[in-house]
Amino acid sequence: MGELGEFGLIALVNAGRTQTPGVLLGPGDDAAVIAAPEGRFVVTTDMLVQDRHFRVDWSSPQEIGRKAIAQNAADVVAMGAVPSAFVVGLGCPADTPVEFVRALADGMWAEAGRAGASIAGGDMVRSPLIIISVTAFGDPRRAPIRLSGARPGDVVAVAGPLGHSGAGLAVLSAGSAELTAEFAEMVAAHRVPQPPYEAVLELPDTVEVTALTDVSDGLLADLGHIAESSGVAIDLDSAALSDPALEAVGKALGVSPLDWILAGGEDHAFAATFADSGDLPEGWMRVGSVRAGSGVTVDGTARTGPAGWESFA
């Protein structure tokens, strides 16, 4: 990086890239121009810091890049919007290999493409550690789906697997190459989350979604935000949440799979509340109900211990 320089690297990572229709003007000027066909847009930002949110000995640069984009795209989709563009801020040491940054950009572009968007620009600076800051823009296709709309009588449902990223992190933390190989699927889920964007974006207009969030901090924590914002209680059914795919890794590490499902975080699945009007849309699984009251319980009982990720814990 020190030899190539900022502008040489910018040219390198942008060479041959094709912008999606949401980006009216991409890299090269002082700022990008993003379309807002609805006269408004959804925007979110998230930051990853080396050794806090990722480790370069655990994940490849492509995987780190994909994860950085996925967690932002999931936030946009959780508002009921289609991702349209991303801008990326990158800080890294001067001795960072150019190939690392090229691979990081490849991963970002791959996940941006999976979300239906592209990277419109960003900034690069020298820093002691690798720091990635992503801002995501989205095109709203319906009224924003907020945390505050859940009502007693609603159904709580999830789309996408839960607990796999937490299990993968636990496997990596165990430091066993044998376990890492045996439970490669869980490790992969931690390295590169796969938000099921289509489960939200393809919801029929006739389906009444009252609240929605992506599961980034942990199911208990994220549903706790819905319960607090909506002024309701949420009760989860542990039997509905059980996942046979987690049983073997839980046994190997002496951990209850339910702990990962409820508090593991970083799966970037989606959790929502729906008006109880019959069958759920394709890709969604009922896991609980909304009631009068406050807080989140499991099988009617308050759960002790951590509810999920907390940045300053």
Side-chain angles (χ1 to χ4, degrees), residues 41-48 53-54 66-84 86 108 111-112 114-117 132 134-150 154-166 168-169 189-203 207 209-230 234 236 241 243 260-274 280-281 283-285 287-288 296 307-311:
F41 57 82
V42 171
V43 62
T44 185
T45 189
D46 216 341
M47 184 180 295
L48 292 87
H53 302 99
F54 65 88
R66 291 197 66 162
K67 187 173 187 175
I69 295 296
Q71 64 188 51
N72 283 273
D75 282 336
V76 166
V77 172
M79 294 296 291
V82 178
S84 57
F86 302 90
M108 290 180 176
E111 188 61 31
R114 197 176 82 85
I132 305 165
V134 177
T135 299
F137 299 86
D139 176 18
R141 298 298 171 88
R142 58 167 74 210
I145 309 173
R146 304 183 60 187
L147 300 175
S148 55
D154 285 350
V155 171
V156 180
V158 297
L162 293 169
H164 290 206
S165 178
L169 175 60
H190 175 71
R191 288 171 170 160
V192 182
Q194 299 281 318
Y197 306 124
E198 68 287 345
V200 175
L201 298 179
E202 295 177 6
L203 282 172
V207 172
V209 191
T210 55
L212 176 64
T213 187
D214 84 305
V215 184
S216 54
D217 296 330
L219 185 63
L220 288 179
D222 291 313
L223 286 178
H225 300 320
I226 289 179
E228 181 177 4
S229 297
S230 300
I234 290 176
L236 295 171
L241 287 166
D243 184 349
W260 291 320
I261 292 168
L262 293 174
E266 286 199 315
D267 287 297
H268 297 288
F270 294 102
T273 58
F274 293 88
L280 288 168
W284 291 87
M285 177 180 70
V287 296
V296 180
W309 172 264
E310 216 302 317
S311 287

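Note: hydrogens, waters and symmetry copies are ignored here, and every other heavy atom, side chains too, is used. Since we're looking at a predicted model, the values are computed, not measured.
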Inset, instruction - Would you check if Val156 and Ile226 make a side-chain contact, meaning some heavy-atom pair closer than 4.5 Å? - result: no

Legend entry - Approximate separation, where rounding is to 0.5 Å, of Thr45 OG1 and Asp75 CG: 10.0 Å

Legend entry - Separation between CH2 of Trp260 and CG of Leu169, rounded to the nearest 0.5 Å: 10.0 Å

Legend entry - Rounded distance (nearest 0.5 Å) linking atom OG1 of Thr44 with atom CD of Gln71: 9.5 Å

Legend entry - Within-4.5 Å side-chain heavy-atom neighbours: Leu262 and Leu241: yes

Inset, instruction - Mind listing the closest non-hydrogen atom pair of Leu219 and Ala271 along with its distance? - result: CD1-CB, 4.1 Å

Inset, instruction - Under the side-chain hydrogen bond (donor to acceptor under 3.5 Å, both in side chains) rule, what do Ser229 and Ser148 come out as? Steps first, then yes or no, please. - result: CA-CA 5 Å; Ser229 297; Ser148 55; over 6 Å; no

Legend entry - Donor on one side chain, acceptor on other, His164 and Asp243, under 3.5 Å: yes

Legend entry - Side-chain touch Val209/Arg142, heavy atoms, less than 4.5 angstrom: yes

Legend entry - Close side-chain approach of Leu280 to Val155, heavy-atom, < 4.5 Å: yes

Legend entry - Closest heavy-atom pair and its distance - Ser165, Gly265: CB-O, 3.6 Å

Legend entry - Closest heavy-atom pair and its distance - Asn72, Ala68: ND2-O, 2.8 Å

Legend entry - Crowding at CZ, Arg114 (>12 non-hydrogen neighbours, <6.0 Å): yes

Legend entry - Rounded distance (nearest 0.5 Å) linking atom CG of Leu162 with atom CD of Glu266: 13.5 Å

Inset, instruction - In sequence, state the C-alpha distance, the side-chain angles, and the governing distance for Phe274 and Trp284, and then conclude on ring pair (Phe, Tyr, Trp, His ring centres under 6.0 Å). - result: CA-CA 10 Å; Phe274 293 88; Trp284 291 87; 5.1 Å; yes

Inset, instruction - Indicate whether the side chain of Thr210 and that of Thr273 have a donor and an acceptor atom separated by less than 3.5 Å. - result: yes

Legend entry - Distance-minimising heavy-atom pair for Tyr197 and Ala73: OH-CB, 3.5 Å

Legend entry - Min side-chain heavy-atom separation Lys67-His268 under 4.5 Å: no

Inset, instruction - For the pair Ser230 (side chain) and Ala150 (backbone), establish whether a donor and an acceptor sit closer than 3.5 Å, ignoring hydrogens and angles. - result: yes

Inset, instruction - Output the distance between atom CD1 (Ile69) and atom CZ (Phe86), rounded to the nearest 0.5 Å. - result: 5.0 Å

Legend entry - Contact check, side chains of Asp46 and Val134, non-hydrogen atoms, under 4.5 Å: no

Inset, instruction - Please round to the nearest 0.5 Å and tell me the distance separating atom CZ of Arg66 and atom CD of Gln194. - result: 5.5 Å

Legend entry - Any donor-acceptor pair under 3.5 Å from Asp214 side chain to Phe270 backbone: no

Legend entry - Non-hydrogen atoms of Ala211 and Ile145 that approach each other most closely: C-CG2, 3.9 Å

Legend entry - Any Leu147 side-chain heavy atom under 4.5 Å of Asp222 side chain: no

Legend entry - Smallest separation among heavy atoms of Pro196 and Ala269, with atom names: CD-CA, 4.1 Å

Legend entry - Test item: Val43 and Val76 side chains (from C-beta on) under 4.5 Å apart, heavy atoms: no

